[in-house]
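A short worksheet on the structure shown next.
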Amino acid sequence: QVQVMESGGDSVQAGGSLRLACAHSRYTESRTRVAWFRQVPGKQREGVATIGIRGTSTYYADFVKGRFTISQDNAKNTVYLQMNSLQSDDTAMYYCAAGTPTRDYVLSSLGYSSWGHGTQVTVSS
């Protein structure tokens with residue numbers, strides 16, 4: 001099972017940018033995907049973006065399209081989430097996860113079995 005650990009959370013002003021990093025262990029399953037989720041207290045965890053661990057395909061939630069970009073650096077075993085044009089609604093705990101979801105579950109927490117502890121992103125207006 002792939003292990004993951006997030007970093008990079010911070011407090012930023014609205015309109016600013018932030019890059020989160022997800023360091024992951026080596027994988028053996030070629031279908032493995034790494035995803036970013038976020039959650040605010042009292043709400044369900046929601047999928048933000050996901051990438052095939054071989055850089056095969058990416059998917060984004062509609063609310064981040066055009067603002068966030070997910071990418072990976074295989075040499076560093078790290079997946080990044082570049083977040084631009086941040087809004088106060090982006091304030092949340094961001095989690096990295098790894099798993100082998102089917103197509104219907106690529107942005108569902110049900111598709112992922114390995115989770116990090118989260119990194120806090122706070123956007124002030």
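Just so it is clear, the structure is predicted and the values come from calculations on it, not from any experiment.
- Under the 30°/60° scheme for interplanar angles, the aromatic rings of Trp115 and Phe37 are found to be tilted.
- At a threshold of 4.5 Å between side-chain heavy atoms, the hydrophobic network of Ile, Leu, Val, Met, Phe, Trp and Tyr places Tyr95 and Val123 in two separate groups.
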request  = Would you check, one step at a time, whether the test side-chain contact (heavy atoms from CB on, under 4.5 Å) holds for Met83 with Val121?
outcome  = CA-CA 10 Å; Met83 304 186 294; Val121 172; 3.9 Å; yes

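- Residues Ile53 and Tyr80 do not share a hydrophobic cluster, defined by chaining ILVMFWY side chains whose heavy atoms lie under 4.5 Å apart.
- A distance-only check finds no donor-acceptor pair linking the side chain of Tyr60 to the backbone of Gly66 [under 3.5 Å].
- In this structure, a donor-acceptor pair under 3.5 Å is absent between the side chains of Arg33 and Tyr105.
- Formation of a donor-acceptor pair under 3.5 Å by the Ser114 side chain with backbone atoms of Val2 is found in this model.
- Rounding to the nearest 0.5 Å gives a distance of 11.0 Å between OG1 of Thr69 and CZ of Arg67.
- With rounding to the nearest 0.5 Å, the separation of CD in Gln72 from CG in Asn77 is 9.5 Å.
- A donor-acceptor pair under 3.5 Å is formed between the side chain of Thr50 and the backbone N or O of Val34.
- Between the side chain of Ser25 and the backbone N or O of Gln3, at least one donor-acceptor pair lies under 3.5 Å.
- Between Asn84 and Ser17, the shortest heavy-atom distance links the atoms OD1-OG, 2.9 Å.
- Hydrophobic clustering (ILVMFWY, side-chain heavy atoms < 4.5 Å, transitive): Val64 and Leu107 are in distinct clusters.
- Tyr112 OH to Thr100 OG1: the interatomic distance, rounded to the nearest 0.5 Å, is 9.5 Å.
- Clustering ILVMFWY residues whenever any of their side-chain heavy atoms sit less than 4.5 angstrom apart, transitively, puts Val79 in a cluster other than the one holding Tyr59.
- Checked against Leu20 for a side-chain contact (heavy atoms from CB on, under 4.5 Å), the options Thr119, Asp10, Val48 give a single hit: Thr119.
- The side chain to side chain donor-acceptor pair (under 3.5 Å) with Tyr94 is formed by just one residue from the set Glu6, Arg38, Gln120; it is Arg38.
- Considering CD1 of Ile70 and CD of Gln82, their distance stands at 12.0 Å, rounded to 0.5 Å.
- Here OG1 of Thr78 is found 6.0 Å from NE2 of His24. Values are rounded to the nearest 0.5 Å.
- Rounding to the nearest 0.5 angstrom, the gap separating the CZ atom in Phe63 from the CZ atom in Phe68 is 8.0 Å.
- When all heavy atoms are compared, the tightest approach of Gly116 to Val4 is N-CG2, 3.4 Å.
- Between the Gln87 side chain and the Asp89 main chain, no donor and acceptor come within less than 3.5 Å of each other.
- When all heavy atoms of Ala14 and Ser125 are compared, the pair lying nearest together is CB-CA, 4.1 Å.
- Remark: side-chain polar atoms of Gln1 are paired, donor with acceptor, to backbone N or O of Ser113 under 3.5 angstrom.
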ask   = Stepwise, does the side-chain contact (heavy atoms from CB on, under 4.5 Å) test hold for Trp36 with Cys96?
value = CA-CA 5 Å; Trp36 286 96; Cys96 179; 4.1 Å; yes

